[in-house]
Amino acid sequence: MNHVYHPQEIEMKWQERWAKDKIFEVEKDSKKSKFYVLEMYPYPSGHMHMGHLRNYTIGDTFARYKRMKGFNVLYPMGYDSFGLPAEIAAIKKGTPPEEYTRANIASIKADQQRIGFGYDWRREVSSIEEKYYKWNQWMFIKMYEKGLAYRKESLVNWCPKCTSVLANEQVITGKCWRCNSTVEPKFLSQWFFKIRDYADELLAGLDNVEWPQKVKIMQRNWIGRSEGTTADFHVEGTDQVLSIFTTRIDTVFGVTFMTMAAEHPWCKDWVKGTKYEKLYEEFHNEVMQLDRYERMSEDAEKKGMFLGKYAINPLNGEKIPIYAGNFVIYGYGAGAVMAVPAHDQRDFEFAKKYEIPIKVVIQPFDGFTLDGDKISRAFVEDGVLHDSGDFSGMENRPAIQAIANKLEELGKGGPTINYKIRDWLISRQRYWGTPIPMIYCEKCGIVPEKIENLPVQLPDDAVFGKSGNPLEHSEKFMHVNCPSCGGTARRETDTMDTFVDSSWYFLRYASPFSEDLPFVKDDVDYWAPVDQYIGGIEHAILHLLYARFFTKVSRDLGLHSIDEPFRALLTQGMINMIHPYCEHCEKFLPAAHDKDGNWEGDYDSEKGTCNTCGNTYITKSAKMSKSLGNTVSPGGIIEQFGADTARFFIMHGANPEKELEWSDSGCYADNKVLLKIWYALTEEPSQYRNEPDSYDEFIQFRLNRMIKVVSENYDKIIIRDALNEIVAFADIFREYLTMVPLKSLYNEAREKLILMLAPVVPHMCEELWQITEHKGFSTLASWPSYDTALITPEIERHWLSLDNLINDAKNIQNIIDLEGINEIQIIVAADWKNGFVTEMLGQVVEGNPFGTLMKSAMANPDWKQYGKNIKGYLQKLAKNPGKYTVPFSTQQAEVDFFLSNSDLLKKELGMPVLVVSEEDAQNKKKSQALPGKPAIILQ
RNA sequence: GCGGGGAUAAUCAAGUCUGGUCCACGAUGCUGGACUUAGGAUCCAGUGCAUAGCGCCGCGAGGGUUCGAAGCCCUCUCCCCGCACCA
């Protein structure tokens, strides 16, 4: 046979055949176990990039493997197609968002199809479709009816660049998650989803999913459950009550002041018309000017001011001053805290600065008595209550419970659980999203749109580029009759956060054609949850938390019975690439070109210098990113080498969770590996053997071991390690071709080798499957099983000793002058040594000292005669007992083994091999032989 | 500061859970050689030191446990990521 590898032709051909035979289209089948593999659906921004290629290849490989293992595999794809970039394009270029988005979807979809991902394309979901976003609106109304969607005025995060608000989850260290602008606080009326109602369940559910520990921890921290106590502090001279939250109610008798968040609306009321007003204005402005991140950083100076008001301690009736402070978070707890300077370091510093009394109410267990006037830092450890009314003398831990209960009795608070997580702000002041289906009627107030009128469509007369939301300028959209009274009303112009779209798309895939409900319960209950979800760590909180929330809400609406959407999660590693780095400027030097293609980067690649400082730069691994200009497009590789090489490289470069170093040479090398395998599998041996021989056993061993290792690694999605085992076997297989193989075994090995590779390089494998005269698609073939009897540790030890023998002999060949050498003699250790090594190894492991070993060996009458050599053997055994084994049951077995492999030895070593037993050998080196480790003589 | 993950040869990187053919998988790079109408082609060998082998050194640093440590324990250094005054 003479088959040349033409990836472009092969790949197109098989993609067409797969599509024609609809092999990736799946239906519910109660007789088969289902398996749902999913990648996070992409925002369609033009072409597919390396990160996408990696993400989808991991998923496709795994889905193909599971399919071959006999699962009914659901593997769909779709597009997260609402979002700001389309609107920006509309403003800049005048392209309507829909046109822009559809063009991008077409382009990325073509890229995906060119790689040969086995998606069930009938199930494609796209959030911009009316038939999709209609259900966002439907869900919104259902949630509104249940009180889970509500409108509230509050302090929200405003991104000036996106001219829209953001959810807390979308503010990353004070910056917008999308454009990195500094976020500003603003008071606005906005729509929220009550994710806090599900805080406990969201926390508990993490115990039932197979996610990376890291992601679970991040979600737990984000939810931020904290057990503590609320205590009501009356504000003197008003009917206001500060219901503060604390985890240290045991210190309540030591409260000497209260601290309010500076922006708390009460502060303003209290100072109005008093001598504190002017000072407060200044203080408030100062605090609000700093961005949130700066303000919260630990080294920021703690500042505050007295507000002229007093609060009453609910337990001892003491009157304590109320301050405003720059370190209290308005959004957490009551936006106010009780301050106990003796037992909280931050309060201590504040008290010292403003000369507030410090009252010690917990004394250390060791009997030492602290004095509030003298201590130099807060005492935060456990101790015994002191000056605490009825609770004095109690240990502080039990006192927490006791005091909380007392407060409950008094009707002034009690045990509470507090959460850091805030409700999800879903309003966005943008056009390109799902309109919130609410109507403002002067007479009836806020009224939901009627279900039968859904979807509320995006108008096509929107004008972009004016200030504010384009929907506000659309007459067609704004004007509506009230669904309740029929009078004139106006629509809500906010649209939904696009994270709403991605919160349930994975359920829609299960029944993409459902028209009466977002999805059909039976379909979701069969296919969901997603068994393996694959995506980037950047969604550890955002999407993954919202999707879990939506799953629970839709379950409670009776739409399905799934608790957690994603049973297992794999977060893929970044893709890195070597890039110039200036040690002097301490930064990576961006590469860039102007629009005519002229170099505009920050370094001179010819001189190897930094353009800023002129010093020579070094190269370091950097994340592939647009901002550094070091991206490599998968398109080029596919054009040059084909999709299978691209897939193979990206799976072989690093295991899925690890960082992947992209390199040209690595890619070329992997193309070579594929070519080698291709030729090994297409070139038939010129002749076959009919009688089995020893080497066949080796092939059997390695073949079965490969299937075992590869299956185990694919099961755990450790794809690189699986490929390494396959590549190693391919080398052995190639060797086998040259050794006149046994036909049946050759065919078996060839077939199984193709199937091992099929999940990663499916097109090549289909072609090989056809060339090797198999029927049907390798994609639909059954995954091979292996025979454990052929890979026992004993068999492994035999082949290992042969391998060691070859390596040792080669080593000698490399270091000596081969002139006049024409034969290798293999001297197998004498029979008595098997018993000797077995026995003495046992004694070494028991921990016997050398002297005891020696005595014990010499006491054996059969061994005594070898006394002069025994000391040497024992020294070796004692030094590293793990290294020595007895691989063969008898000397004869060992002799037979090496004899039966003498052809192979001859081939490997390039000279004839003579196998003799130690007893028959003449050379004095024969005494060096040990079981499984023959003496080697070149003569 | 708190929490998590790391540090392996020129480079990337497996091995660490479960200590023992680990003279550390694999890949890249590099050096030889074979072949050849010279290729990012293919094949073979080498790539810490030593050497007719089966030895020494080595897995961030130091100590410990063990017959035996890349792996287990302790201390330290450095790097990455997340959270960041959460009362």
Side-chain angles (χ1 to χ4, degrees), chain A residues 172-173 212-218 220-222 224 226 228 244-248 259 293 295-300 302 325-329 331-334 336-340 344-347 349 418-420 537 540-541 576 578 621 652-655 658-661 663-673 675-676 679 718 720-721 723-725 727-728 734 796-797 800-801 803-805 807-817 821 841 843-850 853 876-885 887 910 925 928-930 932-938:
Chain A
I172 313 294
T173 54
Q213 205 53 33
K214 184 186 168 77
V215 177
K216 290 191 190 186
I217 289 168
M218 282 167 77
R220 283 193 192 111
N221 290 343
W222 187 260
S226 169
I244 60 93
F245 175 80
T246 178
T247 52
R248 290 297 306 274
T259 319
Y293 186 57
R295 186 177 154 199
M296 292 307 164
S297 84
E298 259 183 37
D299 20 272
K302 284 152 194 63
N326 65 351
F327 56 89
V328 178
I329 297 164
Y332 184 75
V337 295
M338 65 176 213
V340 187
D344 179 285
Q345 187 60 25
R346 190 187 49 205
D347 294 342
E349 285 164 25
N418 204 9
Y419 298 93
K420 274 200 275 185
I537 186 79
I541 295 181
N576 291 340
I578 201 89
S621 187
H652 189 230
N655 275 321
K658 302 289 176 131
E659 292 190 343
L660 173 80
E661 191 75 14
S663 78
D664 290 305
S665 52
C667 197
Y668 297 136
D670 275 336
N671 181 244
K672 281 194 287 185
V673 171
L675 280 166
K676 261 162 76 170
Y679 288 115
I718 302 178
R720 188 197 88 117
D721 292 6
L723 288 178
N724 272 341
E725 183 73 14
V727 171
R734 227 150 28 93
E796 182 158 15
R797 277 201 300 272
L800 206 54
S801 59
D803 201 36
N804 284 339
L805 175 65
N807 287 339
D808 281 348
K810 280 186 179 171
N811 186 20
I812 300 170
Q813 287 180 329
N814 279 323
I815 53 183
I816 64 165
D817 179 7
I821 303 280
L841 274 179
Q843 294 201 22
V844 171
V845 171
E846 277 166 30
N848 290 342
F850 188 77
L853 296 176
K876 284 184 184 178
L877 295 184
K879 182 139 198 174
N880 195 351
K883 204 165 174 175
Y884 297 90
T885 56
K925 282 196 163 70
Q928 291 171 346
L930 282 170
K933 236 177 163 23
I936 301 164
I937 318 286
L938 276 71

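Letters A, B, ... mirror the listed sequences (proteins, then strands); counts begin at 1.
- Atom pair A:Leu877:CG and B:rC67:C1' shows a separation of 11 Å (rounding to whole Å applied).
- In this structure, A:Lys302 places its NZ atom 13 Å from C1' of B:rC86, rounding to the nearest Å.
- For the atom pair NE2 (A:His652) and CG (A:Asp721), the distance works out to 9.0 Å, reported to the nearest 0.5 Å.
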Base versus backbone protein contacts along nucleotides 2-10 of chain B [heavy-atom cut-off under 4.0 Å; B, S, -]: -SS------
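- With B:rA14, B:rA45, B:rG55 as the choices, the nucleotide that has an atom nearest any side-chain atom of A:Asp721 turns out to be B:rA14.
- Scored by the ring pair (Phe, Tyr, Trp, His ring centres under 6.0 Å) test, A:Phe850 finds no partners at all (sequence neighbours excluded).
- Residue A:Thr247 has no polar side-chain atom (N or O) positioned under 4.0 Å from OP1 or OP2 of B:rC86.
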One character per nucleotide, please: for nucleotides 30-44 of chain B, 5' to 3', B when the base has a protein heavy atom closer than 4.0 Å, S when only the sugar-phosphate does, - otherwise. ----------BSSS-
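- The A:Ile936 side chain lies nearest to B:rG53 when the options are B:rG53, B:rA14, B:rG26.
- A:Gln813 is linked by a side chain to side chain donor-acceptor pair (under 3.5 Å) to nothing, counting only residues two or more places apart in sequence or in another chain.
- Of the listed nucleotides (B:rC67, B:rG53, B:rA87), B:rA87 has the atom at the smallest distance from the side chain of A:Ser226.
- Atom CG in A:Leu938 sits 10.0 Å away from atom NZ in A:Lys925 (nearest 0.5 Å).
- Of the candidate nucleotides B:rA87, B:rC67, B:rG46, B:rG46 has the atom lying nearest to any side-chain atom of A:Asn814.
- Comparing B:rC72 with B:rU16, their P atoms sit 9 Å apart, to the nearest whole Å.
- A:Leu853 and A:Ala878 make their closest contact through CD1-CB, 4.2 Å (heavy atoms, listed as atom of the first residue, atom of the second, distance).
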For the pair A:Val337 and A:Thr246, evaluate side-chain contact (heavy atoms from CB on, under 4.5 Å) and give the outcome as yes or no after the intermediate values. CA-CA 7 Å; A:Val337 295; A:Thr246 178; over 6 Å; no
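- Atom C1' of nucleotide B:rU28 and atom CG of A:Asn671 are separated by 15 Å, given to the nearest angstrom.
- Comparing B:rC79 with B:rC74, their P atoms sit 23 Å apart, to the nearest whole Å.
- The distance from atom CG of A:Asn418 to atom OG1 of A:Thr247, rounded to the nearest 0.5 Å, is 10.0 Å.
- Residue A:Leu805 holds its CG atom at 5.0 Å from CD1 of A:Ile936, rounded to the nearest 0.5 Å.
- Residue A:Gln813 contributes atom CD, which lies 14 Å from atom C1' of B:rG46 at whole-angstrom precision.
- As rounded to the nearest Å, B:rG6 and B:rA87 have C1' atoms that lie 34 Å from one another.
- Nucleotides B:rA61 and B:rC78 have their P atoms positioned 15 Å apart, rounded to a whole Å.
- The CG atom of A:Leu675 sits 14.0 Å away from atom OH of A:Tyr668, with the distance rounded to the nearest 0.5 Å.
- Note on A:Ala935: a base of the nucleic acid sits closer than 4.0 angstrom, heavy atoms only.
- Distance CD1 (A:Ile329) to P (B:rC83): 14 Å, rounded to an integer number of Å.
- Of all the heavy atoms in A:Trp222 and A:Lys420, the pair that sits closest is O-CB, 3.8 Å.
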Passes side-chain contact (heavy atoms from CB on, under 4.5 Å), A:Asp344 versus A:Arg248? Steps please. CA-CA 10 Å; A:Asp344 179 285; A:Arg248 290 297 306 274; over 6 Å; no
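- Inter-residue side-chain proximity for A:Val727 and A:Lys676 is flagged as unmet; no heavy-atom pair is nearer than 4.5 Å.
- Sequence order on RNA chain B of the closest nucleotides to A:Met218 and A:Ala809 puts A:Ala809 first from the 5' end.
- For the P atom pair drawn from B:rG26 and B:rC43, the interatomic distance equals 16 Å after rounding to whole Å.
- Look at the P atom in both B:rG19 and B:rG68: the space between them is 16 Å, to the nearest Å.
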Would you check, one step at a time, whether the test side-chain contact (heavy atoms from CB on, under 4.5 Å) holds for A:Ile537 with A:Lys214? CA-CA 9 Å; A:Ile537 186 79; A:Lys214 184 186 168 77; 3.9 Å; yes
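- Judged by distance alone, with hydrogens and angles left aside, the side-chain atoms of A:Asn814 form a donor-acceptor pair with the main-chain N or O of A:Lys810 at under 3.5 Å.
- As rounded to the nearest Å, B:rC67 and B:rA52 have P atoms that lie 36 Å from one another.
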Any protein N or O atoms within reach of nucleotides 21-23 of chain B? Criterion: under 3.5 Å, listing atom names and distances.
residue: B:rU21; atom: O2; partner: A:Asn804; partner atom: ND2; Å: 2.8
residue: B:rU21; atom: N3; partner: A:Asn804; partner atom: ND2; Å: 3.1

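- Residue A:Gln345 is classed as having no contact, given no heavy-atom separation below 4.0 Å to the nucleic acid.
- The nucleotide whose nearest atom lies closest to any side-chain atom of A:Asn655 is, among B:rA27, B:rG53, B:rA14, B:rA14.
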Using a 3.5 Å limit on both pairing distances, list the dot-bracket string of RNA chain B from the 5' end; Watson-Crick and G-U wobble pairs count, crossing pairs take [ ], interstrand pairs take |. ((((((((.[[[..)....(.....]]]((((((.......))))))((.....))...[[[[[..)....]]]]])))))))....
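- Rounded to whole Å, atom P of B:rU51 lies 9 Å from atom CD1 of A:Ile815.
- In this model, the phosphate group of B:rC56 is approached by a side-chain N or O of A:Lys879 to a distance below 4.0 Å at OP1 or OP2.
- For the atom pair OG1 (A:Thr259) and CE (A:Met338), the distance works out to 11.0 Å, reported to the nearest 0.5 Å.
- Using atom C1' as the reference point in both B:rA13 and B:rG64, the two lie 30 Å apart (nearest Å).
- Note: CG (A:Asn724) to C1' (B:rA13) measures 10 Å, nearest angstrom.
- Within the 4.0 angstrom heavy-atom criterion, base atoms lie near A:Ile937.
- Here B:rA13 presents its P atom at 7 Å from CD of A:Glu659, a figure rounded to the nearest Å.
- When every heavy atom of A:Asn326 is checked against every heavy atom of A:Lys302, the shortest pair comes out as OD1-CA, 3.6 Å.
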